[in-house]
**Q** 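A single structure is presented below for examination.
These numbers come from the heavy atoms of this one structure, side chains and all, not from hydrogens, waters or symmetry mates. Letters A, B, ... are given to chains in the order of the sequence lines, protein chains preceding strands, and every chain is numbered from 1.
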There are 2 protein chains.
Amino acid sequence: MSDMPSCQFESRPRRIVIGAGGAQTDFCTTCSVRPTSVCSVIGPDDISRLSEAAVETIIPPGRGFIEEGAPATDFFNVTSGTVKLFKALPDGRRQITGFASPGHFLGLAVSDNYAFGAEAVDTVRVCRFSRDKMADLLDDFPKLERRLLEEASNELVAAQNQMLLLGRKTARERVASFLLDQMHASQLPGQENGGRLHLPMTRGDIADYLGLTIETVSRTLSWMRSQGMIEVGKGYAITILSVAKLDVLAAGNS
Amino acid sequence: MSDMPSCQFESRPRRIVIGAGGAQTDFCTTCSVRPTSVCSVIGPDDISRLSEAAVETIIPPGRGFIEEGAPATDFFNVTSGTVKLFKALPDGRRQITGFASPGHFLGLAVSDNYAFGAEAVDTVRVCRFSRDKMADLLDDFPKLERRLLEEASNELVAAQNQMLLLGRKTARERVASFLLDQMHASQLPGQENGGRLHLPMTRGDIADYLGLTIETVSRTLSWMRSQGMIEVGKGYAITILSVAKLDVLAAGNS
DNA sequence: CGGATGGTTTGATGTAAATCAATGCATTCC
DNA sequence: GGAATGCATTGATTTACATCAAACCATCCG
């Protein structure tokens, strides 16, 4: 990943180069981006207000920071790393409902309690807002509200895709869909990376995301390797050798 | 269901009694509710603008009115009846991602194409807006935007619950969760109905919603009946005899 | 170094739900 | 009335995936 920050308040995060030795004081703590001429939502005068409202937090891998059912006091914006969102049943069964990457907002819920838990997959940086101040923020920054609505709509589409996957796809189709999604998510616009992926999550996370077991995920990846679709490297590396074959699988020709 | 209309622009639809013989001209075509003193979003002067923007449409049972992948020209608000939203795979497998009842908005997607299909379960009335005019509407009625964000957030929570159901629950747990959800949805505030439900959808719809087959849904309902949990009546009637037993099941003690 | 630890892979077996196959039972329509 | 149609139910059989079990293989750390 590049260390160039992106502005979360723009509808499509725009990447900018930060001049070497540029003064840090003018940066928006919410999105780590210099607001002037880049971020159309906030102007220079607003920086201090947003800075007051947001607290930047670093979360180590594996640490949970939202507990399902706990009072929803805060509202988060992910600025780096990957977060897993999940729901659990009393007996321990888990469903990961999504992975949040930089730019995503967490804790939109209308309810007074979080409807899901959140845990850092790798090292994560978030900006934390008090939900009390959220209403005021929305009133003051109408474009933020538009941005949140857009984000929620996109998540809804993703959730619908995931429901189709969980309800009707076979194990092979699920894993193929997952790999393709990860590929698309990792491809920054106008940038190819030869199908090489660095998945930050464990097999267990993938299993909990796809509604499968660890063993089935592992077996399916092995099968895909045997079919020449992918290459499974050390650690969390996977290389996609044939997007076409995975496409056929993911579309439902199991 | 009562035939008292509810205002969709309020965060919690408020039921009002419409005086006998009241003039129809002052009613908001969007939500079929007299705007004055009831609907805080629109005032009397705004009625004509909204009326121009919205077209009321009646859709017969089984008729589809949103096709997955088609250009997203319109935006809908359901005013009566039940709509099923679904996604399909090329080979015909279907996943119903949700049922939309009066008050729900459809077609929020940011994309230019619908991400899902929609079909009337029973007779449905919707108000249709052109998506071109949506941006203007949002600019003019900020509270509508807040309302949409709230709706999207609620749908997101529902989607997360459904992912847990589809990914990790057993057939019995799924059916139990579904029946309880339907019960809660049908219970208007402060109104008990002795557990009697009139499900508008077929077994096939329920199966496609729960990621099961028709046979499994039918068998599971029969099993629940044998356990004294429910009573299966003629047509689409089901009576819940023991909420407690269903609760235990739905929570994951399969 | 060597044992512990945490994740991954692979194999053998079990089972919940799908599939295949009748039958039942309304409603509609000639 | 009775054939046709469209769900729903119930039974017999199959199967995809879960479960149980055992290696395997890094990395960490005393």
**Q** Quickly work out the D208(B) CG to dA8(D) C1' distance and round it to whole Å.
**A**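 Those two atoms, CG and C1', are 15 Å apart.
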**Q** Which residues pass the salt bridge (charged side-chain N to carboxylate O under 4.0 Å, His left out) test with K84(A), sequence neighbours left out?
**A**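 Per chain and number, K84(A) pairs via salt bridge (charged side-chain N to carboxylate O under 4.0 Å, His left out) with E119(A), D205(A).
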**Q** Please name all residues satisfying salt bridge (charged side-chain N to carboxylate O under 4.0 Å, His left out) with E231(B), sequence neighbours left out, ordered by chain then number.
**A**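 For E231(B), no residue satisfies salt bridge (charged side-chain N to carboxylate O under 4.0 Å, His left out) once neighbours in sequence are set aside.
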**Q** Could you state the atom-to-atom distance from CG of L221(B) to C1' of dA8(D) in whole Å?
**A**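 Going from CG in L221(B) over to C1' in dA8(D) covers 10 Å.
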**Q** Once you round it to whole Å, what is the distance between P of dC17(D) and CH2 of W223(A)?
**A**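 Distance check: W223(A) CH2 to dC17(D) P gives 11 Å.
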**Q** Once you round it to whole Å, what is the distance between C1' of dT9(D) and CE of M224(B)?
**A**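 Answer to the nearest Å: 16 Å.
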**Q** To the nearest Å, how far apart are I214(A) CD1 and dG11(C) C1'?
**A**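 Atom-to-atom, I214(A) to dG11(C), this comes out as 17 Å.
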**Q** In B/S/- notation, 5' to 3', how is nucleotides 13-28 of chain C contacted by protein heavy atoms closer than 4.0 Å?
**A** ----SSBB-----S--
**Q** Give a yes or no on whether the backbone of F105(A) and the side-chain of E151(A) come within a donor-acceptor separation of less than 3.5 Å.
**A**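 Checked: pair present.
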**Q** Distance check needed: dG7(C) P versus R203(A) CZ, whole Å only.
**A**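 Atom-to-atom, R203(A) to dG7(C), this comes out as 12 Å.
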**Q** Classify the nucleic acid contact of S218(B) as base, sugar-phosphate or nothing, counting any heavy atom under 4.0 Å across all strands shown.
**A**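 Contact class for S218(B): base.
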**Q** Applying salt bridge (charged side-chain N to carboxylate O under 4.0 Å, His left out), name anything that partners R94(A), two or more places apart in sequence or on another chain.
**A**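 With neighbours one apart ignored, the set is empty.
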**Q** I'd like a table of donor-acceptor pairs (distance under 3.5 Å, sequence neighbours excluded) in which one partner is a side-chain atom from residues 237-251 of chain A, with atom names and distances.
**A**
from, atom 1, to, atom 2, distance (Å)
S242(A), OG, K245(A), N, 3.0
K245(A), NZ, Q227(A), O, 3.2

**Q** What is the distance, to the nearest angstrom, from the CG atom on L165(A) to the P atom on dC17(D)?
**A**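 Value for this atom pair: 12 Å.
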**Q** Relative to the ring of F178(A), is the ring of Y209(A) parallel (under 30°), tilted (30 to 60°) or perpendicular (over 60°)?
**A**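 Answer is perpendicular, since the angle exceeds 60°.
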**Q** For G235(A), which contact category applies under a 4.0 Å heavy-atom criterion: base, sugar-phosphate, or nothing?
**A**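 Here G235(A) touches no strand at all.
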**Q** Taking the minimum atom-to-atom distance to the side chain of T202(B), which one of dA8(D), dT10(D), dT8(C) wins?
**A**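 Nucleotide nearest to T202(B)'s side chain: dA8(D).
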**Q** Using atom types as modelled, flag every donor-acceptor pair under 3.5 Å from a side chain in residues 59-76 of chain A to any protein atom, sequence neighbours excluded.
**A**
from, atom 1, to, atom 2, distance (Å)
E68(A), OE1, A88(A), N, 3.1
D74(A), OD2, R128(A), NE, 3.4

**Q** Whole angstrom is fine here: how far is it from CG in L199(B) over to P in dA8(D)?
**A**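 The answer, rounded to whole Å, is 11 Å.
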